[in-house]
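Notes to accompany the following structure.
For ligands, and for the atoms within them, numbers begin at 1 and follow the listed sequence. Worth knowing before you read on, the calculation uses all heavy atoms, side chains too, and leaves out hydrogens, waters and symmetry mates. By convention here, the first residue in the shown sequence is residue 1.
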Amino acid sequence: MTAIALPATEDLRARARACLDRIGVEVPEGDDLYARTPVTGEDLFGLKGSGAAEAEAAVAAAHEAFLTWRSIPAPRRGELVRRFGELVREHHGDLADLITLEAGKIRSEAYGEVQEIIDIADYAVGLSRQLYGRVIASERAGHRMAETWHPLGVVGIISAFNFPAAVWAWNATVALVCGDTLVWKPSELTPLISLACDRLLARAAEEVGAPAGIHRLVLGGRESGEQLVDDPRVALVSATGSTRMGRSVGPRVAARFGRTLLELGGNNAAIVTPSADLDLTLPSVVFASAGTAGQRCTALRRLIVHRDVVDSLLPRLTAAFERLPVGDPFAEGTLVGPLISPAPLASMQDALARVTADGGKVLVGGERVETGTASAAYVRPAVVRIEGHTEVVREETFAPLLYVLTYDTLEEAIALQNDVPQGLSSSIFTRDQREAEVFMSAVGSDCGMVNVNVGTSGAEIGGAFGGEKETGGGRACGSDAWHAYMRRTTNVVNYSAEVALAQNINFL
Ligand code: NAD
C-alpha cells in the first residue's frame, strides 16, 4: 500500500507562525515544552513554560483583578465578551488553522470549533443581562425573601487537547460575565491555540479597559494543573479531561472545600430500533464514531442494534467506513485526520486485540495508515461485532472504534446502554414515539445528553452540557449552567415594624 502524502513540517511551522503573527502572539520560545503537530508528528516550536512561581503570580493577579471585576455591572462585563467574540470572528480562519495544526482536526471541524467560541460568546453577552435571582414567598408578614447571585472568584480552567479552544471558551465567556476572573491551564499538547485565545482576550480587555489580570494563561503539564487544584484562592476548578484526571482533581479540591465542575470521559451508545430510518441513522452514526478520528468525549463507541435490522445496517455501515478518506486534515476531502499521537493508536490496537480475544470480530479498519513516518498516527476507523459487554467495551478507548452489539427488547437495549461506568451522551434511532419517550424517561438513558434521531456528538451550546457517573456530573454552557460560576445568597428583608421569628417562635 502506498503511503499517504503529508505536508512538510517546515510548511506547517510557517503556517503556524503566520497565524500567530496575524493574531499578535509573541511566542515565548524556550525548551520547557514543545508545540507539536499531529499532522506529521513533529515539533513546531520549543516554548518556555510557566514554572511554579509564574503560576502562583497568575493566581495572585487573577485574584487581585477579581476584587475590581466583581463590582463592574454585569452588562458592562458583557462588553468585554462581545469585543472578544468580534476578534474571534476576525481571526476565524487563523484560529481554525491552529486547531488543525495542533489537534489534527479536519477543516470543517476546526472551523466548527471556532464557531462554537463565537456562539458561546454571543450567548454570554445576552446572559450578562439575565443573571437573575428569584423572589420567594415568605411565611412572615411584612417580609420579603429573595435570592441574589454574586461573582464567585478565580476560576481555574484545566482543559483537554481535543477541544483545545471551545471548552475554554465555554467556561471563560460565561465566567467573565458572571464577574469571575480566570487562570487557564490548557493541555500541554495544544499551547499555540491557547496563546492565540489568550492574546485575543487580552486585546479585548485592553480595548474595553478591563483589568489586565482578568485572564492568565499557565503553560505546563499536570503539575501546573495541580497547583490550581490546591490553591485556596481558586474558588472553582473547571476541569475537562480523562476520568483518571478527575479522580485526582475532585477529592483534592473537595478537601479544601473548593468547587469543581468536572467534564470527564464518555463511553457513548446509540440504540438502533426496528423502526429506525436507516438513511438518517447511517450518516449520524458514521460522523459520531469516526468524526474527529473518534477523539470526542461524546464519540459514539457502542452501537446497540435490534437483531431484526442488524443485517441490513451492518453492510452499509462497514462500506461507509471503508470509504472514509483518512489523511492530511488540511487536504480537501479528508474526513478522518490523525490521532493526537502514537499512544492512542497503541491503545486502539490493544483494545482490538482484547476484544478479539473476547470473541469479537473486526469487520473493518483498525490498521495503521502508512505515512512514511513513525511519529504521525493515522488509523482506519474500525467496526467490531461483539455479543454483550466485555471489560474492554466498558472502557473509554479514545480513538475511532465502534463496537456493534445486538438486542431483542428495548429494556435489554437500555440496560446495555447504561451498563458502563461513564454517563455522557446517548441516542436512540426510532420512529416509534413510545420508544423515544421511554428512552428519555427516568427509566431510560442514565446519561446527561439524551438524543432521539440525532448522533451522540455535536451538542449545541444553548443546552447544559455534561454527564453523570464517571463523566463527573458537571454542566457547562447554556441553560442554567451559569449558576456554577456564581455564589447564591438568600436575602430576607423585614419591611414591617414587628419582630417576627420563623416557625412562630416566641422569644422575649
Ligand atoms: P487528560 O486527562 O490527559 O488531560 C486533561 C487536562 O488535565 C490536561 O490539561 C492535563 O495537563 C491536566 N491534568 C492531567 N492530570 C491532572 C491532575 N492530576 N491534576 C490536574 N490537572 C491534570 O485528557 P486528554 O487526553 O487531554 O483529553 C481526553 C479526555 O478528555 C478523554 O477522556 C475525553 O473523554 C475527555 N474529555 C471530556 C470532555 C467533556 O466535556 N466531558 C470534553 C473533552 C474531553
Side-chain angles (χ1 to χ4, degrees), residues 33 36 38 49-50 55 99 102-105 113 116 120 156-171 183-191 193-194 217-231 234 237-255 258 260-268 292-301 339-341 343-344 347 395-399 401 420-426 447-449 456-459 461 463-477 481 484:
L33 72 155
R36 192 179 147 278
S50 316
I99 291 171
E102 278 193 312
K105 288 192 184 184
E113 175 158 358
E116 206 167 326
I120 193 72
I157 304 171
I158 297 174
S159 56
F161 79 84
N162 66 321
F163 272 89
V167 163
W168 163 76
W170 296 351
N171 286 283
V183 180
W184 181 19
K185 206 302 280 176
S187 167
E188 49 276 51
L189 301 175
T190 54
I193 182 70
S194 340
L217 182 66
V218 171
L219 289 184
R222 177 191 171 133
E223 307 71 40
S224 308
E226 287 173 338
Q227 207 173 327
L228 297 186
V229 163
D230 292 335
D231 194 317
V234 178
V237 176
S238 176
T240 303
S242 59
T243 294
R244 178 178 34 81
M245 175 275 285
R247 224 183 274 291
S248 162
V249 169
R252 279 172 82 149
V253 179
T260 51
L261 196 162
L262 299 176
E263 299 281 5
L264 309 175
N267 187 354
N268 315 293
T292 330
Q295 301 169 111
R296 282 191 188 222
C297 51
T298 50
L300 175 61
R301 206 145 286 117
L339 295 172
I340 191 69
S341 71
S347 304
E395 294 169 6
E396 181 189 47
T397 300
F398 214 52
L401 170 53
V420 290
Q422 312 81 358
L424 182 50
S425 186
S426 57
C447 291
M449 318 299 290
T456 52
S457 65
I461 57 93
F465 179 86
E468 304 299 334
K469 302 192 292 186
E470 290 190 3
T471 303
R475 291 295 184 279
C477 286

Under 4.0 Å to a heavy atom of S248 - the qualifying atoms of ligand 1, by number: 18 (N)

4.0 Å heavy-atom contact, P186 with ligand 1: yes

Distance filter under 4.0 Å to E226 heavy atoms, resulting ligand 1 atoms: 18 (N), 19 (N), 20 (C)

Interfacing atoms of ligand 1 (cut-off 4.0 Å, heavy-atom, S187): 9 (O)

Non-hydrogen atoms of P38 and L339 that approach each other most closely: CB-O, 3.5 Å

Proximal candidate to atom 11 (O) of ligand 1 [heavy atom criterion; set Q227, R222, K185]: K185

Mode of E396 contact toward ligand 1 - side chain, backbone, both, neither (heavy atoms, under 4.0 Å): side chain

Atom indices of ligand 1 within 4.0 angstrom of E188 heavy atoms, with elements: 8 (C), 9 (O), 10 (C), 11 (O)

N268 side chain to C297 backbone, donor-acceptor under 3.5 Å: yes

Subset of ligand 1 atoms that lie under 4.0 Å from at least one heavy atom of G225: 20 (C), 21 (N)

Residue-ligand contact F163/ligand 1, heavy atom below 4.0 Å: no

Within reach of ligand 1, part of N162 (heavy-atom separation under 4.0 Å): side chain

Region of Q295 engaging ligand 1 - heavy atom pairs below 4.0 Å: neither

Nearest neighbour of atom 5 (C) of ligand 1 from the list T240, D230, I158, on a heavy-atom basis: T240

Mutual orientation of the aromatic rings belonging to W184 and W168 [parallel < 30°, tilted 30-60°, perpendicular > 60°]: parallel

Enumerated ligand 1 atoms positioned under 4.0 Å from heavy atoms of G265: 32 (O), 34 (O)

Minimum non-hydrogen distance to atom 35 (C) of ligand 1, winning option of G241, G472, G266: G241

Atoms of ligand 1, numbered as shown, that sit under 4.0 Å from any heavy atom of V249: 19 (N), 20 (C)

